[in-house]
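Working notes, structure below.
Counting begins at 1 with the first residue of the sequence. Just so we're clear, the structure is a prediction, and the values are computed from it rather than from any experiment.
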Amino acid sequence: MKMGKKAKKGNSGFDDNGYKKNVTSQVTDGTGKFKKSFKHHKNSDSQAPVIRKQIEPETAKYFSEIANLFESQGVDMEERSVICGNALEEARGKEFELATDYIISNTLQTLLDGCNLDNLCSFLRGCANIFPAIAMDRSGSHVAETAFKSLARHVQDTEAYTIIEETLKMICKVIVVNPLDLMCNCYGSHVLRSLLCLCKGVPLDSPEFHGAKGSKVLAERLNLKVSHLDGNDSQHLQQGFPSLLKFLVSGMMNCTKEDMKTLQVDQYSSLVLQTALKLLAGNDQELLHIIPVLLGCNKENLAEGRFIDMIIAGETVESMKEPAFSHLMEVILEVAPESLYNDMLIKLLKNSLFELSSHPCGNFVVQALISHARTKDQMELIWEELGLKFADLLGMGRSGVIASLIAACQRLQTHEYKCCEALATAVGSKNETSKFIVPRILFLDSYFSYEDKSSWSWPGGAKMHVMGSLILQAIFKFQSEWIQPYILSVTSMDAEHVLEAAQDTRGARVIESFLASNASTKQKRRLVVKLRGHFGELAMNLSGSFTVERCFDAGNLSLREAIASELLAVRTELSKTKQGPHLLRTLDIDRYATKPDQWRSKQASKQSAYNDFFVAFGSSESKSTKSNKLYNASMDTAEHEELNIKKDIDGSLTSTSVVDDISSEKKGRKKRKRDVASEDAVGSNKAIEKAVKNFLSSSTPDKKRHNASKQRLKI
């Protein structure tokens with residue numbers, strides 16, 4: 001950490017040397033303005049303002065010399081710990097003044113980072129009574145965060161557990177006396193969230209508990225990723241302090257009940273409450289008590305076992321249109337126990353879903369509600385309000401609600417056909433052919449913003465729609481009999497439009513999802529041939545290389561050879577790219593270049609082995625057709641298994657050929673003519689046996705492909 005931080009010019013509250021002027025002040029809000037202390041608090045036990053004393057010149061000089069010493073890099077590790085301990089002893093009784101000083105606070109952070117546990121805990125106990133004031137200061141908040149991070153490094157030490165717990169308990173007792181201002185402060189709220197994480201035992205910088213990225217939340221809602229709160233990600237948990245976490249959260253709730261309306265709509269307190277709820281995920285007993293309080297339910301209802309009071313419904317729904325409360329409601333719906341979720345759906349949100357879906361903030365609450373529906377009955381209630389509103393929602397730009405509906409119907413195996421039908425109707429009319437469906441969904445905003453929709457055409461060069469791409473990816477996971485209009489549409493696209501889609505990351509994902517669907521092989525090849533002549537160009541792009549590989553898998557021998565010949569023409573350039581070596585190796589381009597006849601025979605044997613396997617054991621496609629059921633949640637697993645079987649067969653044949661080549665070179669005997677086809681046929685029989693064993697023993701997706709996929713843009 002750089003120690004020579006200079007004060008900003010003209011910053012009020014600092015003199016020419018960068019130290020605070022000799023003033024008696026209340027806690028500042030970090031912007032140089034005086035903070036109206038406890039402005040939200042209505043109780044009479046407000047804490048007295050913290051008076052900041054002047055730092056003595058000798059003390060300022062001492063810490064300046066410490067900073068210079070560390071910056072000179074002239075201190076070894078053993079001396080550093082001793083110096084840090086001595087300096088923190090010097091800070092005793094002056095913790096608030098030093099921590100909130102713009103310059104000295106940096107030195108203090110260095111000392112807390114390098115001291116031993118005893119000195120660290122001693123410092124925190126010394127400032128426990130004024131810890132909220134330190135945490136709410138711009139400079140002091142960094143000192144508090146550094147102290148917590150240093151504590152986190154020691155929690156795994158069983159001998160240190162007790163002293164750390166006692167230290168944190170002192171701080172928590174002070175916070176719960178009056179947590180409101182700390183929760184509503186931009187600096188204090190961040191410190192408080194770190195303290196909650198420390199008590200739970202999760203990393204302090206964990207993005208999942210400091211606000212997950214939108215892309216992660218979206219992936220979870222669309223069944224693309226398991227929720228990071230399932231099991232509270234126990235593999236990343238460290239030693240925690242569960243009793244302190246419960247004490248801190250319940251203390252905050254009890255003290256702020258009267259101010260819950262303020263907390264609901266405040267940006268910073270909302271973040272604190274979101275973190276607390278995520279950390280308590282799975283603890284149904286605590287959540288059943290906390291969530292009704294957050295929603296403003298009264299004590300009498302809670303005592304009678306009634307979680308949600310219908311009297312508050314109208315006011316609460318209106319609050320969900322506020323950004324802070326809409327974010328909080330998303331987390332509430334995510335972690336709520338099933339009984340409470342059902343109560344919120346029926347008593348709080350029913351008959352308001354379309355109204356909320358139409359709102360820029362409220363629609364995210366509806367997305368969360370849909371994504372965390374547990375039963376078909378719950379989805380039935382949701383479908384009654386939104387099932388006939390697809391066109392309206394897409395016209396308002398609420399495609400996220402539609403995507404969540406489709407994903408939830410897949411997950412719960414209900415209303416699948418109605419979803420497909422409603423979406424197709426929303427982007428077209430009964431008088432139009434199906435060919436326009438996929439292009440219009442790929443360019444949702446363009447289509448719905450077009451005044452004369454009947455004359456809309458493919459907007460060349462425009463970026464394809466993120467949610468439109470995700471919706472189509474979900475659609476192609478349904479049973480083929482229910483998505484025939486979509487299959488007809490994608491296979492009817494003009495060749496130049498197919499190429500443009502393949503060159504767009506979002507469009508490429510749609511093409512790949514179609515090629516991975518249970519549409520017929522003939523339908524898939526009808527699309528693949530439209531990319532002929534452009535496979536080399538596509539392979540040069542990271543996203544396009546995945547599309548090329550999918551096309552290769554879907555193609556017959558002549559199509560595969562066409563792809564191989566195009567990649568061979570750009571082999572030198574392709575091998576220099578990040579994805580090139582993997583693609584060249586997977587498609588066996590080197591063999592195609594040196595032994596084309598053997599490559600053809602090997603590809604024919606692979607396909608034969610693959611077909612033989614599914615003749616014997618059946619495919620997910622044939623089984624699904626016989627059962628005449630729509631896509632269900634297990635379809636994803638079936639696709640992975642089918643891909644793994646194919647890779648096992650490919651790998652077995654590849655290793656057989658390689659071993660044969662090496663063996664013939666080592667022997668150095670007279671060349672003998674070999675029947676390559678016969679040899680590969682023997683290899684294919686072994687491959688089938690190996691594939692069956694691998695399939696029965698494991699269905700783990702191919703790791704290389706899986707890891708490489710992480711490099712791609714998912715949305």
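- Salt bridge status for Asp445 with Lys463: absent, with no side-chain N to carboxylate O gap under 4.0 Å.
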Does the side chain to side chain contact (heavy atoms under 4.5 Å, CB included) test come out yes or no for His465 and Ser399, once each step is laid out?
CA-CA 10 Å; His465 197 268; Ser399 53; 3.5 Å; yes
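- Remark: side-chain polar atoms of Asn363 are paired, donor with acceptor, to backbone N or O of Pro360 under 3.5 angstrom.
- Atoms CG and CG, on Leu180 and Leu263 in that order, are 5.5 Å from each other to the nearest 0.5 Å.
- Atom CG of Leu369 and atom CG of Leu349 lie 5.5 Å apart (nearest 0.5 Å).
- Expressed to the nearest 0.5 Å, how far CD1 of Ile370 lies from CH2 of Trp383 amounts to 10.0 Å.
- Lys350 and Ile346 get closest at one heavy-atom pair: CB-O, 3.4 Å.
- Within 6.0 Å of atom CG in Leu388, 12 or fewer heavy atoms from other residues, nucleotides or ligands are found, so the atom counts as exposed in its surroundings.
- Taking the side chain as every heavy atom from C-beta outward, Leu280 and Leu245 approach each other to under 4.5 Å.
- Proximity of a side-chain donor or acceptor of Arg374 to a complementary backbone N or O of His372 within less than 3.5 Å is detected.
- A donor-acceptor contact closer than 3.5 angstrom links the side chains of Gln274 and Ser270.
- For the pair Asp137/Tyr187, no side-chain contact is recorded, criterion being any heavy-atom separation below 4.5 Å from C-beta on.
- In summary, the side chains of Ser371 and Gln367 do not present any donor paired with an acceptor at a separation below 3.5 Å, with no hydrogens or angles considered.
- Residues Ser150 and Asp113 approach most closely at OG-CA, 3.6 Å, considering heavy atoms.
- Between Phe241 and Leu198, the closest heavy-atom pair is CD1-O, 3.8 Å.
- Counted by atom type alone, Arg398 and Ser358 present zero donor-acceptor pairs between their side chains at under 3.5 Å.
- In this structure, Leu151 and Leu124 have side chains that are in contact, with non-hydrogen atoms separated by less than 4.5 Å.
- Ile471 is not listed as a side-chain neighbour of Leu222, based on a closest heavy-atom distance of 4.5 Å or more.
- Salt bridge annotation for Glu315-Lys261: present, with a cationic side-chain nitrogen under 4.0 angstrom from a carboxylate oxygen.
- At a cut-off of 3.5 Å, with distance as the only test, no side-chain donor of Ser469 or Arg506 sits close to an acceptor on the other residue.
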Check the pair Ser357, Leu393 against side chain to side chain contact (heavy atoms under 4.5 Å, CB included), reporting the backbone distance first and the verdict last.
CA-CA 7 Å; Ser357 297; Leu393 292 170; 3.6 Å; yes
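- Using a 4.5 Å heavy-atom threshold, the side chains of Thr262 and Met183 count as separate.
- Summarising the geometry of Gly296 relative to Gln264, their closest heavy-atom pair is N-NE2, 4.2 Å, with the distance given to 0.1 Å.
- A salt bridge links Glu355 to Lys321: at least one charged side-chain nitrogen sits closer than 4.0 Å to a carboxylate oxygen.
- A distance-only check finds no donor-acceptor pair linking the side chain of Gln410 to the backbone of Lys477 [under 3.5 Å].
- Between His142 and Gln109, some side-chain heavy-atom pair lies under the 4.5 Å cut-off.
- Rounding to the nearest 0.5 Å gives a distance of 9.5 Å between CG of Asp266 and CG of Leu273.
- The aromatic ring centroids of Phe390 and Phe448 lie 6.0 Å or more from each other.
- Rounding to the nearest 0.5 Å gives a distance of 8.5 Å between CD of Gln267 and NE2 of His327.
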Between Leu381 and Gln378, does a side chain to side chain contact (heavy atoms under 4.5 Å, CB included) hold up when you go through it step by step?
CA-CA 5 Å; Leu381 290 174; Gln378 291 169 350; 5.7 Å; no
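- Using a 4.5 Å heavy-atom threshold, the side chains of Val272 and Tyr268 count as separate.
- Distance check, rounded to the nearest 0.5 Å: OG1 of Thr256 to CG of Asp181 gives 12.0 Å.
- Looking at Leu288 and Ser339, their side chains come closer than 4.5 Å, going by heavy atoms from C-beta outward.
- Listed here is the closest heavy atom pair of Gly468 and Leu444: CA-CD1, 3.9 Å.
- A distance-only check finds no donor-acceptor pair linking the side chain of Ser352 to the backbone of Leu348 [under 3.5 Å].
- When all heavy atoms of Leu195 and Cys172 are compared, the closest pair comes out as CD2-SG, 4.2 Å.
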In sequence, state the C-alpha distance, the side-chain angles, and the governing distance for Leu120 and Arg153, and then conclude on side chain to side chain contact (heavy atoms under 4.5 Å, CB included).
CA-CA 12 Å; Leu120 176 61; Arg153 292 200 297 266; over 6 Å; no
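- Side chain of Arg411 to main chain of Ala373: a donor-acceptor pair is present (N/O by atom type, distance under 3.5 Å, no hydrogens or angles).
- The existence of a salt bridge linking Glu286 and Lys246 is confirmed by a sub-4.0 Å separation between a basic side-chain nitrogen and an acidic carboxylate oxygen.
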